[in-house]
Amino acid sequence: MKEQLRQAIQIALQQCYTNGTLSSGEMPVEIQLEIPKNPEHGDFASNLAMTMAKVERKAPRQIAEALVAALQGNPLCDKVEIAGPGFINFRLAASCWYRVLDQVMEQGAQYGRSRIGAGTRVQGEFVSANPTGPLHIGHGRGAVVGDAVAAVLQAAGFEVQREYYVNDAGNQVKTLGRSILLRLRELQGQSIEFPEDGYQAGYVRELAAQLRAEKGELAGLDETEAIELCARFGVEKVLDWIAVDLKIFGIEFDQWYSEKSLYDRNLVDAELAKLKEKGLSFEQDQALWLRTTEYGDDKDRVLIKSDGSYTYFASDVAYHMEKFERGFDRVIDVWGADHHGYIPRMKAMLAGLGHPPEDLQVLLIQMVNLLRDGQPVTMGKRSGNFITLREVVDEVGRDACRYFFLMRRCDSQLDFDLELAKQQSSDNPVYYVQYAHARVCSINRNAAAEGVAQPKLDEVDCSKLQLDEELQLVKQLARFPETIIGAAVNHEPHRVVFFLQELAAQFHSYYNRQRVLVEDPATTQARLYLINSVRIVIANALQILGVSAPDKM
RNA sequence: GCGCCAGUAGCUCAGUUGGAUAGAGCAACGGACUUCUAAUCCGUAGGCCGAGGGUUCGAAUCCUUCCUGGCGCGCCA
């Protein structure tokens, strides 16, 4: 709808230039159209006349008058007015608005999708938690946001790949192996001293027991071999847990990318060689450094330590170089906000290689403070006492949990009180939206029971929808496609949540005031047409968020 | 000390990328179920947009200086 109006304005501009009422001949880069807060200002408002004032060297109102004159008689517009310092307010004809319903019905599950991202390949990397323990609640937030950003991008036509980067090569993995081996020895009756920096949590004992059952007592292996075996076993099992937990949470990846495989294929050395070739790295104090200060970082960063081992940064560099070599136009990383200090060095690396730094966009997810009855729950894999994502999902429910994470912008912190989330479960916002969907389905069932047929596209008389609240609902439905686009390009899935909240509120209000199944068949048909459009849009939006749309509650 | 994020109603947060009179949800108070599901609706009340300065036709939004909270600043991951 917005786009149609934009085109009409463009034509009007052209007209003004040819008939001489406007002189500069310059087409504005962008015609801004906004939905005014005050409904008296029409359906759309544009500041075009004001932004053109400088180039045209005319008063805004004068420009506005010329444009309005050119728009006279356009069937799209019911009323075009000049207001304030030079705003142009457009009121669109109701008949135009009601065509939105036809679009929703025709496009069905496709309504809201667009092609603006067509041809752009995007990679989204998220979660990427170390495979040394189960996912906790903070991972959950990153997982849902990453998944929803990917979904919203796909809805806007981008080609998106979801990837989980498995850190299966570093020290943490070795520590896991050592921890499992110690617990195994413990099971075998040996007395052990468990180190401070080992993984203390109960699942390590579980892993040790499983290992014993599957692999035996590891007799005849020396320490290094045993740790290696334990580590590999542990990583494999933990990754299985993670994959299952994520699946239960509604998240699946296109690819699990192993850090170890970078080394196995010699990719790290190969990519580091390229950096050296370009003169971006240098040796100092027996270590290899990347000259990130050249591109805005405040320190140079070590790639290979003086003892010859690689830093995580080394494989991260290789990994990201390799991402672009795979042909992605844009890479999105979802990180915990505590890693924000890594952004400058990653961007510096890209800049050094001649990539615009904007090709890598890092989405920082602020911390989740997990509370129980207002008391903070201590987190940390090593300390042992932590609540897993799985426990939270089992306790709160998948839909509520996902919705909760998506309700706020990801760069503000989030208090997640388990007791509160459970208590609120009956008036949790997610149910509010789902209930709207279920209500439409319920009306459909009643209609069917009374033998009322569902409306057909060409047979509906939308002029039966005379109420203002009906028009408002249609306008909200019309905003769905642009909401998706905004959420996609800004990586802000919470916009979809707020859109849904608003739509559901309008629907519930309408439902309480008006009856859908009424005496007059034509009105009934028109209203069924309207509410089923609402149902479709709610379902489409929830689908993008990974939340179910129940027919019955 | 330096950097990143946040600061909007009692609480939790939106605010269409600089637009017209700052909005929702909880919580509070008052109403609505012989009517398609009351997991709902209607109404009332609630504000120095952290503070000061600047940019312009116009600022919650941009620049700047402070204040407060969180997180970072390793040849850790």
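Sequence lines set the chain letters: A, B, ... in the order given, protein chains first and strands last, and positions in each chain run from 1.
A/Trp335 has its CH2 atom 13 Å from the C1' atom of B/C4, to the nearest Å. The interatomic distance linking A/Asn47 (CG) with B/U16 (P) rounds to 14 Å, in whole Å. Per the geometry, OH belonging to A/Tyr310 stands 19 Å off C1' belonging to B/C76, to the nearest Å. Atom P of nucleotide B/C57 and atom CD1 of A/Ile63 are separated by 14 Å, given to the nearest angstrom. Between A/Arg409 atom CZ and B/C13 atom C1' there is a gap of 10 Å when expressed in whole angstrom units. Between the CD atom of A/Glu519 and the P atom of B/U35 there is a distance of 17 Å, given to the nearest Å. The interatomic distance linking A/Gln501 (CD) with B/A39 (P) rounds to 17 Å, in whole Å. Between A/Met50 atom CE and B/G19 atom P there is a gap of 10 Å when expressed in whole angstrom units.
Residue contacts for A/Glu259: at a heavy-atom cut-off of 4.0 Å it reaches no nucleic acid atom on any strand shown. Counting non-hydrogen atoms under 4.0 angstrom, A/Asp411 reaches the backbone sugars and phosphates but no base.
Between the side chain of A/Thr311 and the backbone N or O of A/Val302 there is at least one donor-acceptor pair closer than 3.5 Å. In this structure a side-chain-to-backbone donor-acceptor pair under 3.5 Å is present from A/Arg515 to A/Leu517. Between the side chain of A/His320 and the main chain of A/Val317, no donor-acceptor pair closer than 3.5 Å is present. Using modelled atom types, one side-chain atom of A/Ser179 and one backbone atom of A/Thr175 make a donor-acceptor pair closer than 3.5 Å.
Checked against salt bridge (charged side-chain N to carboxylate O under 4.0 Å, His left out), A/Arg91 has no partners two or more places apart in sequence or in another chain. Not counting sequence neighbours, the partners of A/Lys276 by the salt bridge (charged side-chain N to carboxylate O under 4.0 Å, His left out) test are A/Glu283. For the salt bridge (charged side-chain N to carboxylate O under 4.0 Å, His left out) test, no residue two or more places apart in sequence or in another chain qualifies with A/Lys37. Not counting sequence neighbours, the partners of A/Asp298 by the salt bridge (charged side-chain N to carboxylate O under 4.0 Å, His left out) test are A/Arg301.
Residues A/Gln172 and A/Tyr199 are in side-chain contact: their nearest non-hydrogen atoms beyond the backbone lie under 4.5 Å apart. A 4.5 Å side-chain heavy-atom check between A/Leu545 and A/Val144 finds every atom pair outside the cut-off.
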Quick one: which protein N/O atoms are closer than 3.5 Å to N/O atoms of nucleotides 20-22 of chain B? Pair and distance per line, please.
unit_1 : atom_1 : unit_2  : atom_2 : d
B/A20  : OP1    : A/Lys37 : NZ     : 3.4
B/A20  : OP2    : A/Lys37 : NZ     : 2.9
B/A20  : N6     : A/Asn89 : OD1    : 2.6
B/A20  : N1     : A/Asn89 : ND2    : 3.4
B/U21  : O4     : A/Asn38 : ND2    : 3.2

Any N/O pairs under 3.5 Å between the protein and nucleotides 40-43 of chain B? List them or say none.
unit_1 : atom_1 : unit_2   : atom_2 : d
B/U40  : O2'    : A/Arg439 : NH1    : 3.0
B/U40  : O2'    : A/Asn512 : ND2    : 2.6
B/U40  : O2     : A/Asn512 : OD1    : 3.4
B/C41  : OP1    : A/Tyr432 : OH     : 2.4
B/C41  : O4'    : A/Asn512 : ND2    : 3.1
B/C42  : OP1    : A/Ser509 : OG     : 3.0

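For residues 473-484 of chain A, every residue pair satisfying the side-chain hydrogen bond (donor to acceptor under 3.5 Å, both in side chains) rule, not counting sequence neighbours, is listed here: A/Asp43-A/Lys475, A/Gln476-A/Arg479. Pairs passing the side-chain hydrogen bond (donor to acceptor under 3.5 Å, both in side chains) check and including a residue from residues 520-529 of chain A, sequence neighbours excluded, read A/Asp102-A/Tyr529, A/Glu470-A/Arg527, A/Tyr510-A/Arg527, A/Asp520-A/Thr523. Residue pairs meeting the ring-ring contact (aromatic ring centres under 6.0 Å, His included) criterion with at least one member in residues 433-455 of chain A, sequence neighbours excluded: A/Tyr435-A/His508. For the salt bridge (Lys or Arg N to Asp or Glu O under 4.0 Å) condition, the pairs that include at least one residue of residues 333-348 of chain A, sequence neighbours left out, are A/Lys323-A/Asp333.
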Under 4.0 Å protein heavy-atom contact, by nucleotide of nucleotides 68-75 of chain B - B base, S sugar-phosphate only: --SBSSSB
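Annotation: B/A22 and B/G15 have their C1' atoms spaced 8 Å apart (nearest Å). Separating the C1' atom of B/G58 from that of B/G19 is a span of 7 Å, rounded to the nearest Å. To the nearest whole angstrom, the two C1' atoms, one in B/C13 and one in B/C76, are 36 Å apart. Distance check on atom C1': B/U12 versus B/C73 gives 31 Å, rounded to whole Å. For B/G69 and B/G31, the C1' atoms lie 41 Å apart once the distance is rounded to whole Å. Separation of the P atoms belonging to B/G50 and B/U16 is 15 Å when rounded to the nearest angstrom. Only the C1' atoms considered, B/A45 is 16 Å distant from B/G23, to the nearest whole Å. Separating the C1' atom of B/C41 from that of B/C57 is a span of 43 Å, rounded to the nearest Å.
Taking 4.0 angstrom as the limit, A/His494 places a side-chain polar atom (N or O) nearer than this to OP1 or OP2 of B/G15.
Annotation: of the two residues near RNA chain B, A/Tyr312 and A/Ile35, the 5′-most nearest-nucleotide partner is A/Ile35. Along RNA chain B, the nucleotide nearest A/Leu517 and the nucleotide nearest A/Asn167 are compared for position; the residue whose nucleotide lies closer to the 5' end is A/Leu517.
The pair A/Arg409-A/Asp411 meets the salt-bridge criterion, since a charged nitrogen lies less than 4.0 angstrom from a carboxylate oxygen.
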From CA spacing to verdict: ring pair (Phe, Tyr, Trp, His ring centres under 6.0 Å), A/Tyr164, A/Tyr257: CA-CA 6 Å; A/Tyr164 187 118; A/Tyr257 196 100; over 10 Å; no
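Classification of B/C66 as anti follows from a glycosidic angle more than 90° from 0.
Among the duplex regions that RNA chain B forms, those built from at least three successive Watson-Crick or G-U pairs under 3.5 Å are B:1-7 with B:67-73, B:10-13 with B:23-26, B:28-32 with B:40-44, B:50-54 with B:62-66, ordered by first number.
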